[in-house]
Amino acid sequence: MAGDLETNPFPDYDDLPPSSYDRRSRRGEPVLPIVASRGCIMRCAFCNERSLEKRYRTRGADHIYAELKHLQDRYGPVAYRFNDQLINGNLKVLDRLAKLIIDNGLDIRWVGQGIARGDMTPGMWLRLRQAGLDEICFGIESGSSAVLERMGKNVKLLNPELAIKRSHEAGISTHINLITGFPGETED
C-alpha cells in the first residue's frame with residue numbers, strides 16, 4: 001500500500017463470503033484479515049521488513065475501528081487476524097482502538113503479533129482483552145541480551161517476562177517466537 005494508508009477502500013468479501021471460510025475463531029466465527037499498519041519500529045537483523053517498508057506507518061484508531069465495524073455489519077459475526085508485523089507499534093493508537101471497541105459495544109475477537117514491551121500497563125492489557133484481543137504472539141527470539149543486541153533488537157524497550165505475565169494475567173492467550181542458532185549464539 002503506497003501513500004496514506006487511510007485512502008484505500010475497505011475490503012470487499014462479497015464474492016468470497018466469510019461464512020464459507022474454514023478458518024474459525026475460538027467462538028466459531030470465520031476469521032478475516034486486517035492490516036492496520038506497515039513496517040516495524042524495530043530493526044531486527046534477521047527480518048526483511050525494513051527492506052520492504054523503510055518506516056513504520058499506522059492508520060488512526062478511528063479508521064481501523066470504522067473498518068472493523070463495517071466488516072462486522074456487512075459480514076458478521078466475524079473475527080479478525082491483524083496481519084501487521086506488530087499491533088503495538090503505536091500504543092496511543094492501540095489503546096484508543098481498544099477504547100472505541102469497548103465504548104461502542106463492538107463484540108469482536110481478534111489476534112495479532114506484537115513486541116514484548118515492558119511499557120504496556122496491566123490496565124492496557126485488560127482493556128485489550130475487554131476489546132476482544134484473544135491471542136498475541138510475541139517476537140522474543142532469544143533469552144540472551146547479548147544475542148538480542150546482535151539481532152538488532154531494542155533491548156531497552158523489551159521486557160519479555162513482564163509482557164508475558166501481564167498479557168497472560170489479562171486472559172490473553174500468549175505465544176512466543178524463538179530463533180535458535182543465531183550467528184554468534186553459543187550453547188550458554
Side-chain angles (χ1 to χ4, degrees), residues 1-13 23 31-71 78-101 108-121 124-125 127-129 131-142 145 147-160 162-164 166-167 172-179 182-183:
M1 297 169 97
D4 183 359
L5 298 177
E6 294 186 5
T7 61
N8 297 300
F10 295 154
D12 179 342
Y13 296 102
R23 186 168 188 184
V31 178
L32 294 179
I34 188 166
V35 178
S37 66
R38 292 281 193 244
C40 186
I41 63 173
M42 302 294 259
R43 298 178 187 269
C44 303
F46 56 83
C47 184
N48 71 341
E49 187 64 24
R50 283 285 175 168
S51 66
L52 300 172
E53 293 287 338
K54 301 299 181 206
R55 61 187 174 90
Y56 177 75
R57 301 177 292 150
T58 187
R59 296 175 2 193
D62 293 86
H63 194 262
I64 300 164
Y65 174 81
E67 180 176 342
L68 293 168
K69 176 82 168 107
H70 165 79
L71 293 171
V78 294
Y80 303 93
R81 170 152 189 79
F82 278 72
N83 286 340
D84 307 45
Q85 290 296 312
L86 65 161
I87 61 171
N88 59 349
N90 184 317
L91 296 184
K92 288 181 182 178
V93 169
L94 183 61
D95 199 39
R96 173 143 174 79
L97 176 61
K99 289 175 183 174
L100 284 167
I101 292 169
I108 61 170
R109 296 293 171 259
W110 48 289
V111 302
Q113 298 184 127
I115 296 172
R117 298 179 69 147
D119 58 347
M120 292 179 66
T121 66
M124 184 176 196
W125 282 112
R127 266 190 306 286
L128 291 170
R129 180 67 191 115
L133 180 60
D134 266 344
E135 180 180 315
I136 189 162
C137 183
F138 291 123
I140 291 176
E141 280 53 91
S142 177
S145 294
V147 172
L148 290 172
E149 285 181 24
R150 278 195 289 282
M151 289 179 170
K153 292 276 195 180
N154 179 352
V155 294
K156 292 178 183 169
L157 180 64
L158 301 176
N159 190 331
L162 189 58
I164 291 169
R166 287 180 175 171
S167 59
I172 298 167
S173 180
T174 307
H175 308 269
I176 63 171
N177 287 328
L178 294 172
I179 297 174
F182 191 80

Examine distances only and state if a side-chain atom of [X] and a backbone atom of [Y] form a donor-acceptor pair shorter than 3.5 Å.
X: R57; Y: L5; value: no
X: N88; Y: I115; value: yes
X: Q113; Y: G139; value: no
X: R59; Y: V93; value: no

Test salt bridge (Lys or Arg N to Asp or Glu O under 4.0 Å) applied to R38 and D84, step by step: CA-CA 7 Å; R38 292 281 193 244; D84 307 45; over 6 Å; no
Derivation and outcome, salt bridge (Lys or Arg N to Asp or Glu O under 4.0 Å), residues D62 and R96: CA-CA 8 Å; D62 293 86; R96 173 143 174 79; 2.8 Å; yes
Trace of the side-chain contact (heavy atoms from CB on, under 4.5 Å) decision for E141 with F182: CA-CA 9 Å; E141 280 53 91; F182 191 80; over 6 Å; no
Please report the interatomic distance [atom1]([X]) to [atom2]([Y]), rounded to the nearest 0.5 Å.
X: I34; Y: W110; atom1: CD1; atom2: CH2; result: 9.5 Å
X: N83; Y: S37; atom1: CG; atom2: OG; result: 10.5 Å
X: L94; Y: R127; atom1: CG; atom2: CZ; result: 9.5 Å
X: K153; Y: S142; atom1: NZ; atom2: OG; result: 10.0 Å
X: L100; Y: L68; atom1: CG; atom2: CG; result: 10.0 Å
X: N8; Y: H63; atom1: CG; atom2: NE2; result: 8.0 Å

For H70, ring-ring contact (aromatic ring centres under 6.0 Å, His included) partners two or more places apart: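 Here the qualifying residues are F10.
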ring-ring contact (aromatic ring centres under 6.0 Å, His included) partners of Y65, counting only residues at least two apart: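 Listed in chain order: nothing, the list is empty.
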Min side-chain heavy-atom separation [X]-[Y] under 4.5 Å:
X: P11; Y: E67; value: yes
X: H175; Y: V111; value: no
X: N177; Y: C137; value: yes
X: I41; Y: L157; value: yes

Minimum-distance pair of heavy atoms, taken over all atoms of [X] and [Y]:
X: F138; Y: S167; result: CE1-OG, 3.6 Å
X: Y80; Y: I108; result: CE1-CG2, 3.9 Å
X: I172; Y: L133; result: CG1-O, 3.6 Å
X: M42; Y: N154; result: CE-N, 3.4 Å
X: F82; Y: A36; result: CE2-CB, 3.9 Å
X: A116; Y: I140; result: CB-CG1, 4.1 Å

